[in-house]
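Heads up, the thing below is written out as structure tokens.
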Amino acid sequence: DAVESAPAIVIGSGYGGAVAALRLGQAGIRTLVLEMGRLWNTPGPDGKVFCSTAAPDQRSMWFRTRTEAPLATFLWLDVVNKDISPYPGVLDRVHYDNMSVYVGRGVGGGSLVNGGMAVTPLPSYFAEQFPTVDTAEMYGTYFPRARSMLGVNTVDPSWFESTEWYRFTRISRKHATNTGLKTTFVPSVYDFAHMQREAAGTATKSALAQEVIYGNNHGKRSLDKTYLAAALGTGNVTIHTLERARSISRAPDGTYILTVDRIDNTGSVVETKEYGCTYLFLGGGSVGTTELLVRARETGTLPALDASVGAGWGTNGNVMLGRANHLWDTVGENQSTMPVMGIDDWANAANPVFAEIAPLPTGLEHWVSLYLAITKNPSRASFSYDSGTGAVRLGWSAAQSAVSVSMAKKLFDRINAANATIYRYDLFGSSNKVFADDFTYHPLGGCVLGKATDNYGRVKGYSRLYVTDGSLVPGSIGVNPFVTITALAERTMARVLVEDTAP
Ligand code: FDA
């Protein structure tokens, strides 16, 4: 039973994992990244690496026989989801009671499937969520570092005003303006110069070809093209794919021992490996990291973990909804999949909401204005371990989702009243479901900074064990989260490499 060992291991290759890998590699520390998903670099029979939302196949979802898209139906018809064969596809939907969590699977984690919106939170709200973090240092150093590494850019306003691909956004903006609400452009990691070439017909279409939640073949600066490419470029970083960390324990000499299942394309475990390391960085995402640590504490492999591991989890107040437009307010059959604008009512202390104007690209005029609302829902839930089944459960209730819905409803009731419009009833499965409140794109928390860890992501109770991902964020950040997750990971790595790894 040979144990493969590396000075540092990083679990997961999303934002938190990718930042850790790059900074370790640059510091000259040999680092192994374990990622349960695939490396997405090989074209399928159609010549493309990823499939589109219009024609999902096995590449779309993580070991499913049918896709589980966020929009269940359209005009009440079950036309959205398709039968597929089980395969390590790029998007997963992790089911818990009353809440399911969408996550990316593959080298790059959520960056492979997300909408690319690269938003920096308001300093005042960041300070409220992270009272122990130096806000000036975050906004002076780590947010700019994260944005520059991620390749954040903004849409050219004059192109935005003229292109058919953002008509849907301009219609939603008009309705917000009619209501007296403020809208704001949202930066992105999708290369807008590429998108303009797509529109001009001089580049292969991706955002303009219904590609997003099952991956983008072009244009998107996902982590495999930014942080992870740079990490591999240091020569000190190796990535193992289709390897899922199952458990973590500690040897008497203080090194960490990981039990890891290697799977094949059918999901069968073809090998169970053991790895050893001195430094262990957890970047499995809010759900992946928290599950590993809750299980480690409750099964006694890391018994000294703090009682707050597993607590402080939230959905970032996510609610999706659609409005039905008047016949003259066409949203266009051509829609870019990359959102570029939000309705910013966060300053409304009585009901803070930041609502992304989301596309619904079907190739047909459908008169739907779709939104992903981020609400200031204070509800938090905890994970618990079921010793009977070995499962980790999430204690989220329908009543907690109802809090997000009532906040979104207050805002969109105003927009409907001002524009004499109604909600769409045909999008989320049952005949009168207007608000999709049973899933989140923004799982946050579970190993909250300053509670389960110290002020820099060092896990309490153990030395040389770190959390660098979305589980550090205490349940809400008020905007789309990946820029914050990246900046916090940069802050952790800057501190750890100076203080913890000195020879
Ligand atoms: P992340 O989830 O990115 O990465 C974790 C990685 O670890 C995954 O690759 C996973 O496979 C792997 N892993 C987990 N457990 C493991 C184990 N035990 N062993 C090995 N590997 C393991 N945010 C935003 O800011 N703007 C946006 O536009 C969007 N849009 C959006 C759309 C959709 C469809 C989704 C699903 C999500 C978004 N998000 C978003 C959210 C954003 O993608 C998310 O917040 C980040 O990806 C979270 O980064 P983390 O580093 O926490 O984990």
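As the structure lists them, so they are numbered: ligands from 1, and atoms in each ligand from 1. Note that the structure is a prediction, hence the values are computed from the model and not measured.
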Just verifying a value: how many Å separate [X] [atom1] and [Y] [atom2], rounded to the nearest 0.5 Å?
X	Y	atom1	atom2	answer
L150	Y227	CG	OH	5.0 Å
E128	I477	CD	CD1	9.5 Å
L71	F428	CG	CZ	5.0 Å
L32	N236	CG	CG	12.5 Å

- Query: Under 3.5 Å, side chain of T67 to main-chain N/O of A69, donor-acceptor pair present?
  - Reply: no
- Message: Please check this pair: side chain of S60 against backbone of D57, looking for a donor-acceptor N/O pair closer than 3.5 Å.
- Response: yes
- Are any of the heavy atoms in G106 under 4.0 Å away from ligand 1? yes
- Below 4.0 Å from any atom of ligand 1, is there a heavy atom belonging to E243? yes
- Task: Could you check M493 against Y466 for side chain to side chain contact (heavy atoms under 4.5 Å, CB included), going step by step and ending with a plain yes or no?
- Result: CA-CA 10 Å; M493 295 313 295; Y466 311 90; over 6 Å; no
Number the atoms of ligand 1 from 1 as they appear, then name those within less than 4.0 Å of a heavy atom of [X], with their elements.
X	answer
G116	27 (C), 28 (O)
D469	50 (P), 51 (O), 52 (O)
G104	8 (C), 9 (O), 10 (C), 11 (O)
G109	3 (O), 4 (O), 8 (C), 9 (O)
Y102	36 (C)

- What residue among N316, N318, T315 forms side-chain hydrogen bond (donor to acceptor under 3.5 Å, both in side chains) with T440? N318
- Out of N265, I263, D92, I84, which one pairs with F63 under the side-chain contact (heavy atoms from CB on, under 4.5 Å) rule? I263
- Determine, stepwise, if the pair N377 / S404 fulfils side chain to side chain donor-acceptor pair (under 3.5 Å). CA-CA 6 Å; N377 183 346; S404 305; 2.7 Å; yes
For [atom], what's the nearest protein heavy atom and its distance?
atom	answer
atom 32 (C) of ligand 1	N114 CA, 3.3 Å
atom 45 (O) of ligand 1	P481 CG, 3.3 Å
atom 18 (N) of ligand 1	A245 O, 3.0 Å
atom 37 (C) of ligand 1	Y441 O, 3.3 Å
atom 26 (N) of ligand 1	M117 O, 2.7 Å
atom 53 (O) of ligand 1	G285 CA, 3.3 Å
atom 10 (C) of ligand 1	R105 NH1, 3.4 Å
atom 49 (O) of ligand 1	Y15 CD1, 3.5 Å

- Beyond-backbone contact of F130 with P474, side-chain heavy atoms, under 4.5 angstrom: yes
Using a 4.0 Å heavy-atom cut-off, which part of [X] comes near ligand 1: side chain, backbone, both, or neither?
X	answer
L34	backbone
I213	side chain
I11	side chain

Between ligand 1 and [X], is the shortest N or O to N or O distance under 3.5 Å?
X	value
S111	no
V103	no
G16	yes
G110	yes
F482	yes
G115	yes
G470	yes

- Query: Cut-off 3.5 Å, side chains only: do D261 and T272 have a donor facing an acceptor?
  - Reply: yes
- Task: Return yes when at least one protein heavy atom is under 4.0 Å from atom 6 (C) of ligand 1, and no when none is.
- Result: yes
- Message: For atom 34 (C) of ligand 1, which of the options L372, V113, L444 provides the nearest non-hydrogen atom?
- Response: V113
- Nearest to atom 22 (C) of ligand 1 by heavy atom, R244, M36, E35: which? M36
- Chi angles and distances behind the side chain to side chain donor-acceptor pair (under 3.5 Å) call for Y275, E243: CA-CA 11 Å; Y275 288 103; E243 294 197 7; 2.6 Å; yes
- Query: With a cut-off of under 6.0 Å to the ring centre and 45° to the axis, is R495 in cation-pi contact with Y456?
  - Reply: yes
- Message: Can you list everything that forms a side chain to side chain donor-acceptor pair (under 3.5 Å) with N98? Sequence neighbours excluded, please.
- Response: none
- What heavy-atom pair brings F192 and T154 nearest, and what distance separates the two atoms? CD1-C, 3.4 Å
